[in-house]
Amino acid sequence: MPAVFRPVVEAARHRLPRLYGPRLHSAYLYGSIPRGTARAGRSDLDLLVALHDEPSDTDRQAARALGAALDQEFLQIDGVGMLLHGRERLLSDLERHDLGWFVACLCTPLLGDDLAARLPRYRPDDPLLARETNGDLALLLPVWRERIAAAGDTEEARRPLVRFMSRHLVRTGFTLVMGRWQGWTSDLHEMAAAFGTYYPARAAQMTAAAVRGYEPVGDLAPLRTYVDDLGPWLAGEYARVHGVKAPRP
């Protein structure tokens with residue numbers, strides 16, 4: 001981990017137990033900071049937090065407030081993304097090939113007992129893994145269109161949407177080809193390159209999305225491309241190759 005990010009990680013390590021108390025089971029880092037590729041002032045802090053019970057709306061509001069406080073206090077990060085889930089959900093059969101895989105293969109333990117010890121060994125060529133990680137893109141696109149329409153007409157309002165949707169599409173493109181690539185990575189540029197090997201006609205779009213995932217711009221044009229062109233095509237191809245993700249409650 002680059003030394004410049006250690007203070008913000010230590011702050012998260014100390015504040016999470018104070019926030020959730022004995023309900024906190026464990027916490028994890030993921031993304032560019034634990035990977036060692038984060039850039040000061042450009043990269044965000046990504047956290048996954050597991051509680052002993054299912055989080056409430058109040059718990060999620062507290063997570064957002066903590067993220068906003070860390071973002072304001074530490075200039076070396078540009079935003080905080082925090083996933084909050086209950087321990088039983090992360091270990092459930094339904095999430096074994098989605099959130100469980102994410103914890104076991106893409107997360108770095110920060111606090112508590114590592115749930116990866118209770119999860120299976122995963123193989124990148126497992127078609128169930130591909131289906132369950134990102135086989136729900138078609139369901140997300142209408143929600144994304146609503147979020148774009150509701151966002152303010154400013155760069156500040158659109159930047160988080162560009163970052164989030166760019167990352168999601170690149171990760172979906174990667175899991176589409178993960179079995180053929182025979183491995184996994186959390187680096188967006190590596191993901192886009194792997195995807196482009198098998199879908200050269202869409203490689204430039206995915207490469208551009210990877211860049212925006214790290215350096216988002218508050219422009220409406222890429223968002224429209226995501227929900228009107230790249231996203232629908234990717235959803236259809238994903239369903240054709242891997243099928244559709246099992247419904248969640």
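Note that the structure is a prediction, hence the values are computed from the model and not measured. All residue numbers refer to positions in the sequence shown, counting from 1. These values consider heavy atoms only, across backbone and side chains, with no hydrogens, waters or symmetry-generated copies.
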Practice task
Measure the shortest side-chain to side-chain distance between Leu137 and Trp144 over non-hydrogen atoms and say whether it is less than 4.5 angstrom.
Solution key: yes
Exercise for the section: Check whether the ring centres of His189 and Tyr214 lie less than 6.0 Å apart, and answer yes or no. Expected result: yes
Handout entry: Backbone of Val49 reached by a side-chain donor or acceptor of Tyr20 within 3.5 Å
Key = no
Practice task
Measure from NZ or CZ of Arg202 to the centre of the six-membered ring of Trp233 and say whether it is under 6.0 Å with the direction within 45° of the ring axis.
Solution key: yes
Handout entry: Aromatic ring proximity Phe5/Phe74, centre distance under 6.0 Å
Key = no
Exercise for the section: Count the heavy atoms belonging to other residues, nucleotides or ligands that lie under 6.0 Å from CG of Asp53, then report whether that count exceeds 12. Expected result: yes
Exercise for the section: For the residue pair Pro232 and Leu141, establish whether any side-chain heavy-atom pair is separated by less than 4.5 Å. Expected result: yes
Handout entry: Test log, rule side-chain contact (heavy atoms from CB on, under 4.5 Å), inputs Tyr238 and Val244
Key = CA-CA 8 Å; Tyr238 212 100; Val244 178; over 6 Å; no
Exercise for the section: With sequence neighbours excluded, tell me which residues meet salt bridge (charged side-chain N to carboxylate O under 4.0 Å, His left out) with Arg64. Expected result: none
Practice task
Go through the steps for Arg248 and Glu132 under the test salt bridge (charged side-chain N to carboxylate O under 4.0 Å, His left out), then give the verdict.
Solution key: CA-CA 11 Å; Arg248 264 52 175 177; Glu132 291 303 302; 2.7 Å; yes
Handout entry: side-chain hydrogen bond (donor to acceptor under 3.5 Å, both in side chains) between Arg212 and Tyr226, worked out
Key = CA-CA 12 Å; Arg212 296 187 196 106; Tyr226 291 166; 3.0 Å; yes
Exercise for the section: Look at Asp153 together with Arg158 and state whether they make a salt bridge at an N to O cut-off of under 4.0 Å. Expected result: yes
Handout entry: Under 3.5 Å donor-acceptor, Tyr198 side chain and Arg180 backbone
Key = yes
Exercise for the section: Give a yes or no answer on whether the side chain of Thr133 reaches the backbone of Ala130 with a donor-acceptor pair at less than 3.5 Å. Expected result: yes
Exercise for the section: Assess Arg147 against Phe164: is NZ or CZ under 6.0 Å from the centre of the six-membered ring, and within 45 degrees of the ring's axis? Expected result: yes
Practice task
Assess the pair Phe174 and Trp184: is the distance between their ring centroids shorter than 6.0 Å?
Solution key: no
Problem - Side chain to side chain, Arg96 and Tyr122, heavy atoms closer than 4.5 Å - result: yes
Handout entry: Rounded distance [0.5 Å steps], CG in Leu99 versus OG in Ser92
Key = 7.5 Å
